[in-house]
Enquirer: 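Following this message is one structure expressed as structure tokens.
Residue indices begin at 1 and follow the sequence shown.
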Amino acid sequence: MSIDSDTLIDWYGETARDLPWRRPGVSAWQILMSEIMLQQTPVVRVEPVWREWVARWPVPSAMAAATQGEVLRAWGKLGYPRRALRLHECAGVLAAEHGDVVPDDVDVLLGLPGIGAYTARAVACFAYGQRVPVVDTNVRRVIARAAHGRAEAGNPATRDLAEAQALLPERIDRAATFSAALMELGATVCTARTPDCDRCPLPHCAWVTAGRPASDVVRRTQKYDGTDRQARGRLLDVLRAATGPVERVALDLAWTRDPGQRARALDSLLVDGLIEQTSDGLFALAGEGGVRS
């Protein structure tokens, strides 16, 4: 199993997207924010929000001083807003226990709120230049095709980290760049549905050599319209726009197509801690139940 690291790194140096969190001078905290935002969310939607957050909360203690509601409101339409709550919680721990600095050790990072295996390694690699495997969907797909000749990577497995580790160059500085290059290749060239093999810099790809066999993975189209997730988003929109707690009727009017679904969405938002109910039955974003408009 091999991927030509020298060729890939050279290609990355010439063609990598100019993303703001890749530029010199960006702190580990700001890289951590970008990694949390980029999960299941396109770069084009993340970049303007990330820039606003960097200006507003340049260090963890700045975010920790904000309320949960302020962070949720600033999260806007990025989706999966529980990520924002966990990042706020993480900021509090960093400010209180780590001197307002994001740790560089993977195991310590894994102990922080909301930081999983991918994010911990991404911060260690991209913020601190460490030689650790960073495996996301794009990386798994490139390895599956270039090294194994498969169209798809299949379900995540424990071997993914070991395979990525085995591909890393020995030099620490090149290993970090190689990890970024693998990810960039999967995001921009070796894409899931329409891989542009003519633009691929790799001199050898096992999948191409095998005749680009079709995938045996059945894709399920994930709809959004009419889902509980959309209903939750509509309810959150009402509370983001409010300056204080609102009456239940305001939420009822936000999702009229299915009262049962609306009730289910409201309950789930309460359970997830994204919103709260006041003692007099009003609803507000987390941390804002005591504010009166």
Enquirer: Side-chain contact test, heavy atoms from C-beta onward, threshold under 4.5 Å: evaluate it for E89 versus L112 and give yes or no.
Expert: no

Enquirer: Quick check for you: to the nearest 0.5 Å, what is the distance between L94 atom CG and D100 atom CG?
Expert: 7.5 Å

Enquirer: Hey, are R22 and D18 close enough for a salt bridge, meaning a charged N less than 4.0 Å from a carboxylate O?
Expert: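 No, R22 and D18 are not salt-bridged.
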
Enquirer: Is the shortest side-chain N to carboxylate O distance from E152 to R141 below 4.0 Å?
Expert: no

Enquirer: Any chance you could measure L202, atom CG, to R145, atom CZ, to the nearest 0.5 Å?
Expert: 12.0 Å

Enquirer: Can we say R73 and E288 salt-bridge, meaning some charged N sits less than 4.0 Å from an Asp/Glu carboxylate O?
Expert: yes

Enquirer: If you link ILVMFWY side chains whenever their heavy atoms are less than 4.5 Å apart, which other residues fall into the same cluster as L110? By chain and number, please.
Expert: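 ILVMFWY cluster around L110 also holds V106, V132.
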
Enquirer: For L38, does its backbone N or O pair with a side-chain atom of T41 as donor and acceptor, under 3.5 Å?
Expert: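 No, because the side chain of T41 does not come within donor-acceptor range (under 3.5 Å) of the backbone of L38.
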
Enquirer: Does a salt bridge link D173 with R131, judged by any charged N lying under 4.0 Å from a carboxylate O?
Expert: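 Salt bridge absent between D173 and R131.
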
Enquirer: Quick one: does NZ or CZ of R17 land under 6.0 Å from the six-membered ring centre of Y12, within 45 degrees of the ring axis?
Expert: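 Here R17 fails the 6.0 Å and 45° test against Y12.
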
Enquirer: Can you confirm whether more than 12 heavy atoms, excluding those of D196, are under 6.0 Å from its CG atom?
Expert: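 Counting other residues, nucleotides and ligands, CG of D196 exceeds 12 neighbours.
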
Enquirer: Crowded around R51 CZ? As in, over 12 foreign heavy atoms under 6.0 Å?
Expert: yes

Enquirer: State, with a plain yes or no, whether a side-chain heavy atom of I3 is found less than 4.5 Å away from one of V142.
Expert: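 I3 vs V142: side chains touch.
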
Enquirer: Are any of the side-chain nitrogens in R234 or D237 under 4.0 Å away from the carboxylate oxygens of its partner?
Expert: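 Looking at R234 and D237, the cut-off is not met.
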
Enquirer: Side-chain donor-acceptor pair under 3.5 Å between Q261 and W255, yes or no?
Expert: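 Short answer, yes.
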
Enquirer: Mind checking whether D4 and H204 have side chains closer than 4.5 Å, heavy atoms only?
Expert: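 Side-chain contact under 4.5 Å: no.
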
Enquirer: Using a 4.5 Å cut-off on heavy atoms from C-beta on, say whether the side chain of L239 contacts that of L251.
Expert: yes

Enquirer: With salt bridge (Lys or Arg N to Asp or Glu O under 4.0 Å) as the criterion, how do R56 and E52 come out once you've worked through the C-alpha distance, each side chain's angles and the decisive distance to 0.1 Å?
Expert: CA-CA 6 Å; R56 186 173 183 179; E52 292 173 5; over 6 Å; no

Enquirer: Looking at residues at least two apart in the chain, or sitting in another chain, which of them share a salt bridge (charged side-chain N to carboxylate O under 4.0 Å, His left out) with E276?
Expert: none

Enquirer: What's the separation between atom OG in S27 and atom CE in M33, rounded to the nearest 0.5 Å?
Expert: 6.5 Å

Enquirer: Is any side-chain heavy atom of L87 closer than 4.5 Å to one of V71?
Expert: no

Enquirer: Does a sphere of radius 6.0 Å around CG in L253 hold more than 12 heavy atoms from other residues, nucleotides or ligands, not counting ones at 6.0 Å or beyond?
Expert: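 Atom CG in L253 is crowded, with more than 12 foreign heavy atoms closer than 6.0 Å.
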
Enquirer: Salt bridge between E163 and R140, side-chain N to carboxylate O under 4.0 Å?
Expert: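 No, no charged N to carboxylate O under 4.0 Å.
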
Enquirer: Quick one: do the S268 and R232 side chains pair a donor with an acceptor below 3.5 Å?
Expert: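 The answer is yes; a qualifying pair exists.
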
Enquirer: Less than 6.0 Å separating the ring centroids of W75 and W53?
Expert: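 Aromatic pair counts; centres sit under 6.0 Å.
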
Enquirer: So, do T278 and F283 sit near enough that their side-chain heavy atoms are less than 4.5 Å apart?
Expert: no

Enquirer: Could you check whether atom CD of Q277 has more than 12 heavy atoms from other residues, nucleotides or ligands sitting under 6.0 Å from it?
Expert: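 Buried by this count: over 12 neighbours within 6.0 Å.
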
Enquirer: Contact between R264 and D267 at the side-chain level, heavy atoms closer than 4.5 Å - yes or no?
Expert: no

Enquirer: Mind listing the side-chain donor-acceptor pairs of residues 118-126 below 3.5 Å, one per line with the distance, residues two or more places apart or on another chain?
Expert:
unit_1 : atom_1 : unit_2 : atom_2 : d
Y118   : OH     : E35    : OE1    : 2.7
T119   : OG1    : Q39    : NE2    : 3.0
R121   : NH1    : A117   : O      : 3.3

Enquirer: Measuring only between side-chain heavy atoms, which start at C-beta, is V102 closer than 4.5 Å to L109?
Expert: yes

